[in-house]
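Reading through the structure tokens given below for one structure.
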Number of protein chains: 2
Amino acid sequence: MGQRKSGHVTLLDIAHASGFSVSTVSIVLSEAPLSQNVAEKTRGHIRTIARQLGYHPDAYARSLRRRSTMTIGVLAFDLSDPFCIPLMRGIQEGAHKAGYMPLVMDAQTQRRLFDNYLHTLLERRAEGVIVIASWVFEETNLLGDIRKNNVPIAIVGRDLTSRGVNSILVDNEAGGALAARHLYDLGHRHIAVIRGPEEMCDSEPRWTGIQRVVAETGMKLDEKLVFQLPGVVGPASGFEGGQCFARQMLQSRKLFTAVLAFDDLTALGVVRGLTEGGVRVPQDCSVTGFDDVLPAEVATPAITTIRQPLREMGIEAAERVLQAIQSGVNLPAKAKLHKTQPELIVRMSTAPPAKQR
Amino acid sequence: MGQRKSGHVTLLDIAHASGFSVSTVSIVLSEAPLSQNVAEKTRGHIRTIARQLGYHPDAYARSLRRRSTMTIGVLAFDLSDPFCIPLMRGIQEGAHKAGYMPLVMDAQTQRRLFDNYLHTLLERRAEGVIVIASWVFEETNLLGDIRKNNVPIAIVGRDLTSRGVNSILVDNEAGGALAARHLYDLGHRHIAVIRGPEEMCDSEPRWTGIQRVVAETGMKLDEKLVFQLPGVVGPASGFEGGQCFARQMLQSRKLFTAVLAFDDLTALGVVRGLTEGGVRVPQDCSVTGFDDVLPAEVATPAITTIRQPLREMGIEAAERVLQAIQSGVNLPAKAKLHKTQPELIVRMSTAPPAKQR
DNA sequence: TATATTGATTGAAACGTTTGAATCAGTGTT
DNA sequence: AACACTGATTCAAACGTTTCAATCAATATA
């Protein structure tokens, strides 16, 4: 007896086993308001049987009926970017508080997959979507498709408020300024800068921040010491760019005592290139990064960097979409930009410039 | 008109808009075999309308009816372990081929969440489950709960065949041997070894592999040069362990020309500790890691390591559970162990020992 | 002319839940 | 004796699909 048709235990099974109706069982097991009316004894009985049989409510049937999936989709353009993990943790934390579950998909840097998964998220009836645009993210018209289905959306790492999308972003300008100020305070006056690739939205504001400090301090920035990373083809391409840059600089024999790199991977590349050329970090040259990802922390010398409050940003993103979900209507017109404050993390890769040089 | 009751476009909406019945619409849109009978013109008509309205089939309703969710659950004990990402990519690849989607959950090293999510996976009717036991994974009775619901399961990074679970694992013994052999071939005879924490299943076989090489080559291993990492409390604790170890060793003034570290993070910790003590890697001391995660690659010096074929392991895991799903019955008795071959990646952290020492 | 055969479409039940309304036996009120 | 209330339980419809069986016209076969 109790032989189940499908592989799973259902309410009907429990109804049969307990002698009560499916309704009663449902009411008890889902702890509906009505369950207060159910006799104490009955409740206990039903619960016991459910446990014995290993019952788990079918989320599909439940969601279908309740018309709510308690799911928010998370679409990462490239999950292998160390940037994503703390962010996801934050999202999970924010979602969990409200009883929501993140459903994460990794587009693996492939545009095709990205589009696919966006559809998948809609099919799985994600009630909201968070896009993690780690390193690059071309404008995509799919946002329209999401909009059409009335699903609130937020994006992390890119400002799309102009397109009506809630955006969460570190204050890149402040970050750039923080790094520049740190190097200045250490006494550096010959700072090389590696700007991010043009298509990345972080690049410009960081540069602006740097220039602001330059202006404030009266420092001069030699144009020949400003380098630009080429278009990104992968998360690790910053590393190669940095390494390549360091080699060039050493060959050109220009004077510089510090390198302000676009991000941590770039900084690590610079360290590699400098070291290969016999230049010691930080004794002969200081290097700063940006992001504060794991590799920067465990490298030797550990990289002085600008930390993005990724966890907080994740929480913020989750709260944004949850709020939009709960308020029912999401007016794209009211998309807001949320800038978080970066923090300078001083480690081993920066020091005052050597006296003799 | 066409005003949708709920937020989503449904078959009924399209039926109304097109003048055909829900059945016909369903048959066309789901490309059921019967759709061959549907008039060419009708098909086109329906498809057009569906596109216009932005229809996406409701995965919940569909799965409920079809009684298959095309989902396999992936439960990572700690997604922040860089180990996980390539693995997930592999799983995704393997699953995708069969039309399945991974549903990934991150337990964030919390046992409580792990249990929760296992339930969630069952509620979401994952047809199979892959557990990623990155760094530590206590025996849990939940496997029983999964078994009870007849869901095939595979585990990566731990051998649980004895408990009837398909297991995918790198050949740790071969890996340990590979590292030891490499150091031996370079000429090292005074090798310090940092063994993994006792509760990790990888620790013992790696040690065995090392000892095998020691025996084969006639090398001697000074017991005082063998260190044991304490219990892990986090993925980064290997780093601290390694650093701590290096300090101790330097203080004790023992003779050693190479360190064979348990994993990459430990190796990076060793490099840090040695460097702080003025010992250069690799000129004064070689260091090897294990796993080949990103930080090991971008550090300077880049760490010589033993690569686990993580992507392949992910694919293998996916195929294992898919096979079990498709074959219908999964006999725990026939759980098999799949050992993959590690690969030596020679980078910058190893070199022949200095002559004078 | 009655009867298969085919092609195109639809009816209706089912998947496992939830939930507003209904039932029904008691008990208390008028 | 009729009525209303309460407490415990159940009916039945709905959520959006899929799919077997049924319908129905039109054509081909006997």
Side-chain angles (χ1 to χ4, degrees), chain A residues 4-46 50 53-71 122-125 127 149, chain B residues 2 4-47 50 53-71 122-125 127 149:
Chain A
R4 336 164 186 156
K5 255 190 292 191
S6 80
H8 287 279
V9 187
T10 119
L11 284 183
L12 191 62
D13 295 325
I14 301 184
H16 283 154
S18 69
F20 288 93
S21 75
V22 172
S23 311
T24 309
V25 175
S26 168
I27 288 166
V28 170
L29 259 26
S30 66
E31 291 172 24
L34 275 176
S35 69
Q36 289 172 328
N37 293 340
V38 176
E40 181 61 37
K41 203 170 56 176
T42 313
R43 281 189 290 199
H45 185 203
I46 290 180
L53 266 53
Y55 170 77
H56 293 271
D58 184 321
Y60 284 73
R62 167 177 287 180
S63 295
L64 186 58
R65 168 67 221 224
R66 284 198 180 154
R67 326 175 89 182
S68 104
T69 59
M70 303 305 277
T71 295
L122 287 177
E123 293 180 357
R124 302 245 161 167
R125 294 298 184 253
E127 297 178 31
N149 282 58
Chain B
R4 335 164 186 154
K5 256 189 294 190
S6 82
H8 286 279
V9 187
T10 119
L11 283 184
L12 191 61
D13 295 325
I14 301 183
H16 283 154
S18 68
F20 288 93
S21 75
V22 173
S23 310
T24 310
V25 175
S26 167
I27 287 165
V28 170
L29 259 26
S30 67
E31 291 172 23
L34 274 178
S35 69
Q36 290 171 328
N37 294 341
V38 176
E40 180 61 35
K41 205 170 55 175
T42 312
R43 280 189 289 196
H45 185 203
I46 290 180
R47 289 217 187 90
L53 266 54
Y55 170 77
H56 292 272
D58 185 321
Y60 284 75
R62 168 176 286 179
S63 294
L64 186 58
R65 170 67 222 225
R66 286 199 179 153
R67 326 175 88 178
S68 102
T69 58
M70 302 305 277
T71 295
L122 287 177
E123 292 180 358
R124 302 246 160 166
R125 294 299 184 252
E127 297 180 30
N149 282 56

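What you see below is based on every heavy atom in this structure, not just the backbone, and it leaves out hydrogens, waters and symmetry mates. Letters A, B, ... are given to chains in the order of the sequence lines, protein chains preceding strands, and every chain is numbered from 1.
One atom, NE2 of A:His45, and another, P of D:dA8, lie 17 Å apart when rounded to the nearest Å. Separating the CD atom of A:Glu31 from the C1' atom of C:dT19 is a distance of 16 Å, rounded to the nearest angstrom. The separation between B:Leu34 atom CG and D:dA21 atom P is 12 Å, rounded to whole Å. Rounded to a whole Å, the NE2 atom of B:His56 is 16 Å from the P atom of D:dG16. The separation between A:Arg66 atom CZ and C:dG20 atom P is 12 Å, rounded to whole Å. Remark: C1' of C:dG20 and CG of A:Asn37 are 14 Å apart, rounded to the nearest angstrom. Rounded to whole Å, the distance from CG on A:Asp58 to C1' on C:dT18 is 13 Å. The interatomic distance linking A:Lys41 (NZ) with D:dG7 (P) rounds to 18 Å, in whole Å.
Of the side-chain N and O atoms in B:Thr42, one or more sit less than 4.0 angstrom from OP1 or OP2 of C:dT9. For A:Arg67 and D:dA14, the shortest distance from a side-chain N or O to OP1 or OP2 is not below 4.0 Å. Side-chain N/O atoms of B:Ser21 include one lying less than 4.0 angstrom from OP1 or OP2 on C:dT10. Between A:Thr10 and C:dT17, a side-chain N or O to OP1/OP2 separation shorter than 4.0 Å is present.
Counting non-hydrogen atoms under 4.0 angstrom, A:Ser63 reaches nothing in the nucleic acid.
For A:Arg65 against C:dT18, a side-chain-to-base donor-acceptor contact under 3.5 Å is present. A donor-acceptor contact under 3.5 angstrom links the side-chain atoms of A:Ser23 to the base of D:dA12.
Summary of the strand contacts: A:Arg62 and B:Ile27 both lie near DNA chain C, and taking for each the nucleotide with the nearest heavy atom, the more 5' one is attributed to B:Ile27. Between B:Ala39 and A:Tyr60, the residue whose closest nucleotide on DNA chain C is further toward the 5' end is B:Ala39.
Here the OG1 atom belonging to A:Thr71 is positioned 12.0 Å from the CZ atom belonging to A:Arg125, to the nearest 0.5 angstrom.
Here the side chain of B:Arg67 pairs no donor or acceptor atom with the backbone of B:Leu64 at under 3.5 angstrom. A donor-acceptor pair is defined here as one N or O able to donate and one able to accept, closer than 3.5 Å; such a pair exists between the side chain of A:Glu127 and the backbone of A:Met70. In terms of modelled atom types and a separation under 3.5 Å, the side chain of B:Ser63 and the main chain of B:Ala59 share a donor-acceptor contact.
With hydrogens and angles left out, the side-chain atoms of A:Ser30 and A:Arg66 include no donor and acceptor closer than 3.5 Å.
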